[in-house]
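To start, the structure itself, in structure tokens.
Computed from a predicted model, the values in this text were never measured in an experiment. First listed ligand is number 1; within each ligand, the first listed atom is number 1.
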Amino acid sequence: MAQRKMTVFPTKNELSQAMAEYTANLSAKFIKEKGLFTVVLSGGDLIDWLCKLVQPPYIDSIEWSKWHVFWVDERVCAWEDPDSNYKLAMEGFLSKVPIPDKNIYAIDKHWAANGNAEHCAALYEECLKNLVKEKIIPISKKTGYPEFDLQLLGMGPDGHMASLFPNHPQINEKQKWVTHITDSPKPPPKRITFTLPVINSALYNLMAICDKAPAKSVAEIMKHNNLSLPSAHLSAQVENVWYLDQAAASEL
Ligand SMILES: O=C(O)[C@H](O)[C@@H](O)[C@H](O)[C@H](O)COP(=O)(O)O
């Protein structure tokens, strides 16, 4: 299990720059090694911080056609809904880069619009299993779970990551790869989410946190390893990187 490696950046802009560089380097490495790159996105402010990737030099240097894009969690609503992580990522990032549509693995459109969280989670898991068969996603020999190359995560002020919230049972799920929640404390209430073993089976995890609101939870994790906060459980097979801006690191 990889130890947390924390870097504090003076500004969000520098954090955003470093995220782009980290992502671009891994993209080049994996595409060279195996001809494709699997990237898992979350929602929230993260998409804004990915803005540097759609600017030079990255926009031209990254082999976008080799990317395969997933979501670590998704809100169960129509794709057009302002709450949708898919919509957010499409508008802010994915529509600006030439990733083939077939390589973008969104929540099931029909069942998400219908609000059926349980079925959406089952269908997303089935989608991952099909991609294992197609050899897009390997199963890790070490963990026994699917192994994504890079996962980009954010943390809420309550210490949640993906849609694994404090005092909710989803954090303990070990059988499923994708589970659901219908009473999320952060709106909207219905979501699907990767389970913790899948999150931690990624080769590289990058947790990006900005602003004052999550600062107390950041300190609880860094100073006290408070495991009641789901983000304290984050690990990775190779690197578990935490990028903070100064406000998020202000209680350390
Ligand atoms: O769907 C979601 O809500 C996100 O995937 C969620 O897990 C997010 O990453 C954190 O809540 C941080 O969100 P902010 O960056 O908006 O604080």
Side-chain angles (χ1 to χ4, degrees), residues 9 11-13 15-16 19 23 39-52 69-94 104-107 112 115 117 120-121 124 148 150-168 170-171 173 178-196 198-200 202 205-221 229-234 236 240-251:
F9 295 91
T11 62
K12 250 187 233 180
N13 191 50
L15 179 146
S16 179
M19 260 179 80
T23 305
V39 186
V40 186
L41 304 175
S42 42
D45 294 333
L46 182 98
I47 299 300
D48 279 351
W49 308 333
L50 287 176
C51 61
K52 301 276 190 243
V69 178
F70 303 85
W71 277 265
V72 70
D73 73 333
E74 177 57 286
R75 292 96 181 266
V76 179
C77 56
W79 282 6
E80 305 76 33
D81 193 296
D83 275 336
S84 161
N85 283 343
Y86 169 78
K87 177 182 162 77
L88 185 77
M90 272 320 251
E91 287 178 356
F93 173 38
L94 299 173
I104 297 177
Y105 306 96
I107 192 169
C120 285
Y124 207 75
F148 293 95
L150 171 65
Q151 208 158 223
L152 298 165
L153 297 152
M155 182 181 87
D158 60 354
H160 81 262
M161 65 173 174
S163 286
L164 302 176
F165 291 90
N167 305 315
H168 281 73
Q170 286 77 10
I171 185 87
E173 174 64 51
V178 183
T179 190
H180 72 286
I181 180 167
T182 52
D183 59 351
S184 160
K186 177 180 178 181
K190 290 189 201 171
R191 290 145 173 266
I192 63 170
T193 180
F194 282 9
T195 57
L196 186 64
V198 174
I199 293 176
N200 284 347
N205 269 323
L206 196 172
M207 169 66 92
I209 313 176
C210 290
D211 303 326
K212 185 96 187 119
K216 280 211 160 59
S217 288
V218 168
E220 274 301 307
I221 293 169
L229 305 182
S231 300
H233 295 263
L234 182 64
N240 176 15
V241 169
W242 289 55
Y243 282 178
L244 312 180
D245 74 349
Q246 239 156 23
S250 60
E251 303 276 336

What atoms of ligand 1 come within less than 4.0 Å of a heavy atom belonging to Gly44? 13 (O), 14 (P), 15 (O), 16 (O)
Dump the intermediate steps for side-chain contact (heavy atoms from CB on, under 4.5 Å) on Tyr105 and Val69, then the final yes or no. CA-CA 6 Å; Tyr105 306 96; Val69 178; 5.7 Å; no
What is the nearest protein non-hydrogen atom to atom 5 (O) of ligand 1, stated with its residue, atom name and distance? Asp73 OD1, 2.5 Å
Should Arg191 and Asp73 be marked as a salt bridge (charged side-chain N to carboxylate O under 4.0 Å, His left out) after you check the CA-CA gap, both sets of side-chain angles, and the distance that decides it? CA-CA 7 Å; Arg191 290 145 173 266; Asp73 73 333; 3.6 Å; yes
Who's the nearest protein heavy-atom neighbour of atom 13 (O) of ligand 1, and how far? Lys186 NZ, 3.3 Å
the protein heavy atom lying closest to atom 15 (O) of ligand 1 turns out to be Asp45 N, 3.0 Å
Residue pairs, two or more places apart or on separate chains, that pass side-chain hydrogen bond (donor to acceptor under 3.5 Å, both in side chains) and touch residues 84-93: Arg75-Asn85, Lys87-Glu91
On a heavy-atom basis, I'd like to know which of Ser163, Ala162, Ala213, Ser42 is closest to atom 7 (O) of ligand 1. Ala162
Would you check whether Leu153 has a nitrogen or oxygen atom less than 3.5 angstrom from a nitrogen or oxygen atom of ligand 1? no
Considering only protein heavy atoms, which is closest to atom 1 (O) of ligand 1, and at what distance to one decimal place? Arg75 NE, 2.7 Å
Nearest heavy atoms of Leu229 and His233, plus distance in Å: O-CD2, 3.7 Å
With heavy atoms under 4.0 Å as the rule, classify the contact between Asn85 and ligand 1 as side chain, backbone, both or neither. side chain
From Met155 CE over to Cys210 SG, what is the distance, rounded to the nearest 0.5 angstrom? 11.0 Å
Do the side chain of Ser42 and the main chain of Ala162 share a donor and acceptor less than 3.5 angstrom apart? no
Number the atoms of ligand 1 from 1 as they appear, then name those within less than 4.0 Å of a heavy atom of His160, with their elements. 6 (C), 7 (O), 10 (C), 11 (O)
Using a 4.0 Å cut-off to any heavy atom of Arg191, which atoms of ligand 1 qualify? 1 (O), 2 (C), 3 (O)
Any heavy atom of Glu74 closer to ligand 1 than 4.0 angstrom? no
